[in-house]
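Here is the structure we will look at.
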Amino acid sequence: MSLPAARGHRRQKGHPPVLSRFPGTARRAALALTAAGLALTALPATAGASPGPDPLARYHDQRLTWKSCVLGPDDTAGEELEQAGARCADVTVPLDYSDPGGRTITVAISRIRATDTSHRVGPLLLNGGGPGGTSLGDAPVVRKAMKDVAARYDVVGVDPRFVGRSTPLDCRWPTGSAWRAAGEDRAGFDRMAAFSKDLARHCRTHAGDVLPHATTRNTARDMDVIRAALGERRISYLGYSYGSYLGEVYTTMFPGRTDRVVLDGVIDPDRYSARLWRGVERANRQALEGWASWAAARDAAYGLGRTEGEVLATVERVRAAAARTPLRLGGHRLDEHVMPVVALNGLSMHNDTRYGDFAQGMRDMLRASQGQRVTPSPWLAGVLEFVLTGTDSPYGSAQTAIVCGDNAAPRDPEVYWRDVQRTRARDPLFAPVTQNLNPCAYWDRPRERPTTVRDDLPALLVNATGDPRTYYDGAKTVRAMWPSSRLVTLHDADQHGVYGVYGSPCVDDTVNAYLATGRLPARDVGCAAPAR
C-alpha cells in the first residue's frame, strides 16, 4: 500500500503502490481497541486511566545511549545523518504490551537537536509512510523543508518496529512485494491466490512469533515510549501517507500528548484496511492521463505517441502483450500479474524526473513487446528487481504484516474474484491490482480491533487534489471529522506527498508558519500548483 512510491534515500527500488512512502530524501526516488484478553494495566497510561504503578516505567525511564549513525564504510544514509549533525539511539520497547515484563525489541531513532534552544518547541517525530517504510534517515531533508523554524525543534527520525534498523521482521519471501494483478482469467487469479497463500505461509514459518505484534497500535505505543524516553511531556508529529493514519491512531490512543501535528497525504481512518486500494482506480487513471499528455508532448524522446490518446493506447498494447506472453527485460520476465503493478509504481510524483522515469520504462516495455532485446532503464530495473526477487523481502514482509495485523480481510477468494470481474471492464489496467486478494486473506485474525478515530484534533492536513495514493476525499473526510483542524489543498497536481516534496511555496510556507507559531490558519488554505 505505499505502496510504491518512493522516497529516495536508501534505495532506488519500486515499492508497492498505495500507501506510498514520503518521497523526499536524497536518493530513495522510486520506490495499517482494545483487544480481548489484553489487560488495560499493560497499556501506556492515558488520560482518565486509573492511578497506580506504571507497568511501563522501565521503558519510560530508560536512559538512551546516543552514538554515531554510521554503521560502516558503505552506510551513505548514516553519513548523511552524520553530516547533518544527527546522533542515533536504540529505544527498548516491549514486544507485547500486554506482557511488559517479557521479551523486548528495539526501535532505532535519529535526532538532530534544536540549535535555537531559547525558543525550542520540542521534538518533532517523523513517519514517512509505508507501512514498512524507514524514516530514521529523513531528518536532514525535513529540516531543509522547515527552513528557519528547524532550529527550534529536535527533529527525530524513527524506523518503526520491525523496519530498517529496528528489530527486523523478515518472512524470507522470494519477492519484495505481495501485490500483484489478478491476471486475465480465472486461471491467472487462482495462481495469484496460491502465491498469496504461500507468502502468508512463509510469514507464519519464519516470523510467526512476532507477527501478532506487528500493528499500527503497537507502533503508536512505541511512539509514546520514545516520547517518555526523550523526557518530553508532548511531541509534535509529521506523518506522510500511512504516517497520517499512524498519527490519527497515536492522537486517539494518547490524547493530550501532541503539540503540533501535520498529516500529509491523509487517509480516511474508516477506509484503512487490507483492501485500502479499492476505489483508487479513478485517481490513478487521472494520473495516467496527466502523464500521457506529458509524454505525448515529448514523443521525439520517448516514441509513445503524439497525443494523449495515442500514449494511452500504447500502454494498453503493452498490457495486452504482457498478458499474452511475458515480456523479457534483461533477466526479468514481465507478465500479466506484474505489468500493472509497474504502471502503478510510475504514478505518484508529479514532476519531470518521475514522469521521465516512467516514460523510459514504458518505452522499454514497448520495445520488449515488439520482440526487441532490452536492457531496462535504471528505474524499471529497480522496480522489477524489487517486485520479482527477494532482495528487499524485509520491506514487503513488514508492510504486509502490519496491514494484515491491523484489520481482518475477507477470507473467501470468491469475494475478490467477483470484485475484479465487476470492475475489470471499467479499468482493465488498474482494477485487477486494486481489487485483487493479497496474503491478508490467509492471515491469522488480528489480536486487537482497529482504532476508532473520532475525537476532534487541531491538526494541519495537507493533500493534493489528484493524489493517486491517499486520494483527496480522505483528507476532506478527516477535515470534517476534526472541526478544529485545517486543510491545505494543492490544486491540479497528481502528487502524493506535498510538504517539502513538491515544491509549492504556498504549502511549505503555510506548514512552516504553523510549526513556528503553533497557530493554525484561520480557514482552510488553497494553493495553486506551480507552473512546471
Side-chain angles (χ1 to χ4, degrees), residues 9-10 25 44-45 53-97 99-117 120-128 133-143 150-170 210 213-214 218-238 246 250 254 257 394 398:
H9 92 241
R10 274 168 286 285
T25 42
D54 178 5
L56 298 177
R58 61 183 277 215
Y59 303 101
H60 290 165
D61 299 337
Q62 67 184 288
R63 178 167 299 189
L64 302 182
T65 300
W66 295 97
K67 57 193 176 185
S68 170
C69 296
V70 180
L71 298 183
D74 297 324
D75 182 11
T76 53
E79 290 172 356
E80 287 181 1
L81 286 164
E82 194 90 352
Q83 292 168 7
R87 302 290 285 174
C88 289
D90 293 321
V91 181
T92 301
V93 299
L95 171 67
D96 181 354
Y97 277 86
D99 181 20
R103 180 177 167 186
T104 64
I105 58 176
T106 59
V107 174
I109 66 173
S110 64
R111 181 177 66 179
I112 304 176
R113 302 200 72 163
T115 55
D116 185 359
T117 55
R120 179 180 179 272
V121 176
L124 175 69
L125 268 64
L126 311 177
N127 185 280
T134 62
S135 294
L136 181 137
D138 293 340
V141 71
V142 170
R143 276 181 58 89
R152 301 177 56 194
Y153 284 86
D154 295 342
V155 183
V156 180
V158 182
D159 279 355
R161 60 169 47 203
F162 308 130
V163 171
R165 298 188 185 186
S166 298
T167 299
L169 184 161
D170 187 357
V210 300
H213 312 293
N218 280 332
T219 300
R221 293 174 178 129
D222 294 345
M223 284 175 58
D224 204 60
V225 170
I226 293 170
R227 174 201 59 77
L230 292 173
E232 301 289 345
R233 187 172 64 87
R234 296 194 300 173
I235 57 173
S236 294
Y237 179 75
L238 169 61
L246 174 60
Y250 178 79
F254 300 97
R257 297 191 184 173

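Every value quoted in this text rests on a predicted model; they were computed, and no experiment measured them.
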Test item: R113 side-chain N/O and V155 main-chain N/O as donor-acceptor pair under 3.5 Å:
no

Any donor and acceptor pair, going by atom type alone, linking the side chain of D116 with main-chain N or O of A151 inside 3.5 Å?
no

Minimum side-chain heavy-atom gap L246-T219 below 4.5 Å:
yes

Residue pairs passing the disulfide bond (SG atoms under 2.5 Å apart) test with at least one member in residues 54-87, sequence neighbours excluded, are C69-C88

Using every non-hydrogen atom in the two residues, find where R161 and Y97 come nearest and quote the distance to one decimal.
NH2-CE1, 3.4 Å

Distance, nearest 0.5 Å, that separates CZ of R103 from OG1 of T167
8.0 Å

Heavy-atom donor-acceptor pair, S135 side chain to G128 backbone, under 3.5 Å
yes

Hey, could you give me the CG/CD1 distance between L125 and I226, rounded to the nearest 0.5 Å?
6.0 Å

Atom pair CG/CZ of L126 and R143 - distance to nearest 0.5 Å
11.0 Å

Kindly indicate whether the side chain of V107, heavy atoms from C-beta on, has any atom under 4.5 Å from the side chain of M223.
no

Side-chain donor/acceptor of Y153 to backbone N/O of I112, under 3.5 Å:
no

Locate the shortest heavy-atom distance separating L124 from Y237; write the atom from each residue and the value.
CD1-N, 3.5 Å

Quick check: closest heavy atoms across D54 and L56, and the distance to 0.1 Å?
OD1-N, 2.9 Å

Kindly determine whether V93 and T104 satisfy side chain to side chain contact (heavy atoms under 4.5 Å, CB included), including the steps that lead there.
CA-CA 6 Å; V93 299; T104 64; over 6 Å; no

Can you list the residues that meet the side-chain contact (heavy atoms from CB on, under 4.5 Å) rule with A114, with sequence neighbours excluded?
R120, D154

Trace of the side chain to side chain contact (heavy atoms under 4.5 Å, CB included) decision for V158 with L136
CA-CA 4 Å; V158 182; L136 181 137; over 6 Å; no

Identify the two heavy atoms, one from L64 and one from A89, that lie closest to each other, and give their separation to 0.1 Å.
CB-CB, 4.3 Å

Salt bridge present between R227 and D224 (N-O < 4.0 angstrom):
yes

Give me the atom names and distance for the closest heavy-atom approach of L230 to P123.
CD1-CB, 4.2 Å

CG of D96 to CG of N218: how many Å apart, nearest 0.5 Å?
7.5 Å

How would you list, by chain and number, every residue that makes a salt bridge (Lys or Arg N to Asp or Glu O under 4.0 Å) with E82, sequence neighbours excluded?
none

Do N127 and P160 have side chains that get closer than 4.5 Å, going by heavy atoms?
yes

Can you list everything that forms a salt bridge (Lys or Arg N to Asp or Glu O under 4.0 Å) with D90? Sequence neighbours excluded, please.
K67

Can you tell me if R234 has over 12 outside heavy atoms packed within less than 6.0 Å of its CZ?
yes

Counting N and O atoms only, with roles assigned by atom type, does the side chain of S166 sit under 3.5 Å from a partner on the main chain of D159, one being a donor and the other an acceptor?
yes

Taking ring-ring contact (aromatic ring centres under 6.0 Å, His included) as the definition, give me every residue that meets it alongside Y250, ordered by chain and number, with sequence neighbours left out.
F254

Please check: side-chain N/O of Q62 versus main-chain N/O of V91, any donor-acceptor pairing under 3.5 Å?
no

With sequence neighbours left out, write down each residue that passes salt bridge (Lys or Arg N to Asp or Glu O under 4.0 Å) with D75, or none if nothing qualifies.
R165

Do Y59 and P100 have side-chain heavy atoms sitting under 4.5 Å apart?
yes

Donor-acceptor pair, S110 side chain versus G137 backbone, under 3.5 Å?
no

For P140 versus L81, what's the shortest heavy-atom pair and its separation?
CD-CD2, 3.6 Å

